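Read through the structure below, which is laid out as structure tokens, and then see the notes.
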Number of protein chains: 2
Amino acid sequence: MAQTSDDKIEPLSSGEENILTLIELFYFAYRDFTGDGDDVLDQYGFGRAHHRVVHFVHHYPGLRVADLLNILKITKQSLARVLKQLVDQDFIIQQEGSKDRRERLLFTTERGNSLAKQLSEPQIKRFEKTIKPLSAEEQVTIKKFLFSLIQQGNRHDVITLMAQNGHSPTGKPALEKPVKTRHYAPNAEITGK
Amino acid sequence: MAQTSDDKIEPLSSGEENILTLIELFYFAYRDFTGDGDDVLDQYGFGRAHHRVVHFVHHYPGLRVADLLNILKITKQSLARVLKQLVDQDFIIQQEGSKDRRERLLFTTERGNSLAKQLSEPQIKRFEKTIKPLSAEEQVTIKKFLFSLIQQGNRHDVITLMAQNGHSPTGKPALEKPVKTRHYAPNAEITGK
DNA sequence: CATTTATGTCAGCTATGTTGACATATTTTG
DNA sequence: CAAAATATGTCAACATAGCTGACATAAATG
């Protein structure tokens with residue numbers, strides 16, 4: 001008999017079964033989390049791809065196209081379609097880089113800001129409900145947990161990105177004084193699929 | 001000046017900015033996590049949709065089609081295409097329900113088991129690396145965190161599903177003695193998109 | 001027996017990803 | 001300065017995985 005009739009609390013007893021539980025919870029959590037913006041998106045005739053683009057451009061103004069590609073890990077073509085719609089419909093504007101005039105720095109317009117806020121609202125609420133009851137230590141545990149799930153080779157990019165807003169996903173001090181509206185390390189790492 | 005030059009540890013100091021950091025870490029973590037199976041999938045000519053189906057059928061043998069639809073929150077048509085390929089290529093078999101002969105209970109074949117194991121291996125490793133260094137309390141924190149991100153109306157389904165394998169995502173004892181190879185509550189809740 | 005349920009299926013559409021090739025402007029380098 | 005590298009944009013074609021709505025069958029249920 002593998003288990004007694006009342007296995008009580010069973011706080012992650014052992015092995016792969018518990019990991020599988022976490023993996024599935026992770027899947028279910030993300031499944032529901034990503035649905036949060038859908039009502040708003042429908043009103044604008046946009047999809048989740050637009051959500052992601054608007055989110056990152058809004059939160060990291062001045063992002064370059066290459067940065068976005070590295071964040072989303074999709075191809076230029078795939079981004080181009082979505083980005084074009086957002087630019088054409090005046091949610092995002094592109095501005096020539098002042099140091100490097102090949103660059104097209106991305107910024108949200110007023111409309112874009114409004115959309116970004118509408119989209120993030122339900123997601124922020126979802127996380128607030130989850131996070132607020134927790135102690136500071138528990139919150140750090142979660143931050144560490146999420147960060148350590150990120151692919152080794154991508155962690156530096158995430159750190160560098162977040163440093164732009166003066167944040168640090170590791171708990172260590174942010175790398176530098178944030179230089180608002182500047183892009184992050186151009187260490188374009190080619191990743192598959 | 002909003003912040004001093006060295007904000008040191010800044011353990012989720014306040015407000016929405018920290019929530020946004022968590023949200024983005026969640027996104028990056030899931031982005032990399034879902035890529036884990038891709039190499040194996042490519043070898044079989046399958047996609048991530050196949051991965052999800054094989055995973056859940058393997059972990060919850062005897063799942064009904066309706067259960068799978070409720071887990072994945074996709075339409076019958078969308079599942080049908082993927083499921084048909086898996087059945088035709090002998091990764092999954094369908095078995096008439098003994099109590100209710102309308103049901104088609106789903107099981108993985110030997111091939112299906114093998115594929116499921118290959119697919120879960122890198123994901124389990126990713127989670128093991130993340131989880132193993134943590135204390136039991138921290139692990140529980142993470143379980144609670146993920147569970148509470150799940151939509152209220154879906155939590156019961158998740159509990160009922162996991163109870164089949166004698167697990168409980170909440171830490172409370174699993175609902176019932178698991179009755180292997182049986183489906184869970186048919187409380188089909190219609191959700192959008 | 002009438003209704004509901006579980007499943008399957010037809011036809012067509014949409015969103016978002018892919019590849020490979022190529023063009024332009026600009027910066028960097030030898 | 002000329003050549004090479006870089007950042008971006010774009011063309012064409014295609015693949016995957018979602019969606020809708022309608023309809024069919026078999027079995028269970030009232």
Side-chain angles (χ1 to χ4, degrees), chain A residues 31 34-35 37-38 41-42 44-54 62-88 92-106 183-188 190-193, chain B residues 31 34-35 37-38 41-42 44-54 62-88 92-106 183-188 190-193:
Chain A
R31 179 199 64 182
T34 33
D38 288 348
L41 289 169
D42 285 348
Y44 289 83
F46 288 147
R48 292 177 180 177
H50 302 83
H51 183 159
R52 293 190 281 272
V53 170
V54 168
L63 221 50
R64 296 171 306 162
V65 169
D67 299 328
L68 215 34
L69 291 177
N70 195 41
I71 286 171
L72 302 173
K73 308 281 188 205
I74 59 177
T75 56
K76 212 185 349 173
Q77 259 314 321
S78 205
L79 174 60
R81 206 163 20 203
V82 165
L83 186 54
K84 190 174 191 314
Q85 296 176 63
L86 290 167
V87 170
D88 287 350
I92 286 179
I93 49 169
Q94 295 175 295
Q95 190 180 299
E96 196 174 67
S98 55
K99 279 195 63 168
D100 186 335
R101 289 165 38 233
R102 290 170 304 180
E103 297 175 350
R104 297 284 172 271
L105 309 186
L106 304 171
H183 60 76
Y184 67 108
N187 87 348
I190 289 84
T191 318
K193 197 152 204 177
Chain B
R31 180 199 65 183
T34 33
D38 289 349
L41 288 169
D42 284 348
Y44 289 83
F46 289 147
R48 291 176 181 180
H50 302 82
H51 183 160
R52 292 191 281 273
V53 170
V54 167
L63 221 51
R64 296 171 309 163
V65 169
D67 299 329
L68 215 35
L69 291 177
N70 194 41
I71 286 170
L72 302 174
K73 307 284 188 205
I74 59 176
T75 57
K76 211 181 355 169
Q77 259 315 320
S78 206
L79 174 60
R81 210 164 14 203
V82 166
L83 186 54
K84 191 174 191 312
Q85 296 176 61
L86 290 168
V87 170
D88 288 351
I92 286 180
I93 48 170
Q94 295 175 294
Q95 190 178 302
E96 197 175 67
S98 53
K99 280 193 64 167
D100 185 335
R101 288 166 39 233
R102 290 171 305 181
E103 297 175 351
R104 296 283 173 272
L105 308 186
L106 304 171
H183 60 76
Y184 67 108
N187 86 346
I190 290 82
T191 318
K193 197 152 207 178

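Treat the numbers as computed from the prediction; the structure is a model and nothing was measured. The figures here come from the full heavy-atom set of this structure, side chains too, leaving out hydrogens, waters and symmetry mates.
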(Q) Taking any heavy-atom pair under 4.0 Å as a contact, classify B:Lys76: base, sugar-phosphate, or nothing. (A)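 Counting heavy atoms under 4.0 Å across all strands, the contact made by B:Lys76 includes a base.
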Q: Assign B:Gln94 to base, sugar-phosphate, or nothing according to its heavy-atom contacts below 4.0 angstrom with the strands shown.
A: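 Counting heavy atoms under 4.0 Å across all strands, the contact made by B:Gln94 is with sugar-phosphate only.
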Nearest-Å distance for atom pair [atom1]/[atom2], residues [X] and [N]:
{"X": "A:Ile92", "N": "D:dT8", "atom1": "CD1", "atom2": "P", "answer": "14 Å"}
{"X": "A:Leu86", "N": "C:dA15", "atom1": "CG", "atom2": "P", "answer": "13 Å"}
{"X": "A:Asn70", "N": "D:dA7", "atom1": "CG", "atom2": "C1'", "answer": "14 Å"}
{"X": "A:Arg48", "N": "D:dC19", "atom1": "CZ", "atom2": "C1'", "answer": "12 Å"}
{"X": "A:Leu68", "N": "D:dG9", "atom1": "CG", "atom2": "P", "answer": "11 Å"}
{"X": "A:His51", "N": "C:dA15", "atom1": "NE2", "atom2": "P", "answer": "17 Å"}
{"X": "B:Glu103", "N": "D:dT29", "atom1": "CD", "atom2": "C1'", "answer": "14 Å"}
{"X": "B:Lys84", "N": "C:dG8", "atom1": "NZ", "atom2": "P", "answer": "11 Å"}

Q: Identify, between B:Leu83 and A:Leu79, the residue whose nearest nucleotide on DNA chain C lies closer to the 5' end.
A: B:Leu83
Q. Does A:Ile74 or B:Arg102 map to a spot on DNA chain C nearer the 5' end, using the closest nucleotide for each?
A.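 Counting from the 5' end, the first nearest nucleotide belongs to B:Arg102.
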Go through [options] for me and flag the one nearest to the [X] side chain.
{"X": "B:Arg81", "options": "C:dT4, D:dA17, D:dT20", "result": "D:dA17"}
{"X": "B:Arg104", "options": "D:dT8, C:dT27, C:dG8", "result": "C:dG8"}
{"X": "B:Gln77", "options": "C:dC10, C:dT16, D:dA7", "result": "C:dC10"}
{"X": "A:Asp100", "options": "C:dT16, D:dT8, C:dT27", "result": "C:dT27"}
{"X": "A:Ser78", "options": "D:dT8, C:dT16, D:dA17", "result": "C:dT16"}

Q: Please say which of B:Leu68, B:Leu69, B:Leu63, B:Asp67 ends up in a side-chain contact (heavy atoms from CB on, under 4.5 Å) with B:Val65.
A: B:Leu69
(Q) Nearest 0.5 Å, please: how far is OG1 in B:Thr75 from CZ in B:Arg81? (A)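 So the CZ of B:Arg81 and the OG1 of B:Thr75 are separated by 8.0 Å.
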Q: Mind checking the CG-NZ spacing from A:Leu105 to A:Lys99? Nearest 0.5 Å is all I need.
A: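 If we round to the nearest 0.5 Å, A:Leu105:CG and A:Lys99:NZ are 12.0 Å apart.
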Q: May I ask you to evaluate whether A:His50 reaches the phosphate of C:dA15, defined as a side-chain N or O under 4.0 Å from OP1 or OP2?
A: no
Q. According to a strict under-4.0 Å criterion, is A:Arg52 in side-chain N/O contact with OP1 or OP2 of C:dG17?
A. yes
Q. Do B:Glu96 and B:Arg104 come close enough that some side-chain heavy atom pair is under 4.5 Å?
A.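 Heavy-atom side-chain distance check passes, below 4.5 Å.
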Q | Check: B:Arg52 side chain, B:Ile71 main-chain N or O, donor-acceptor pair, under 3.5 Å | A | no
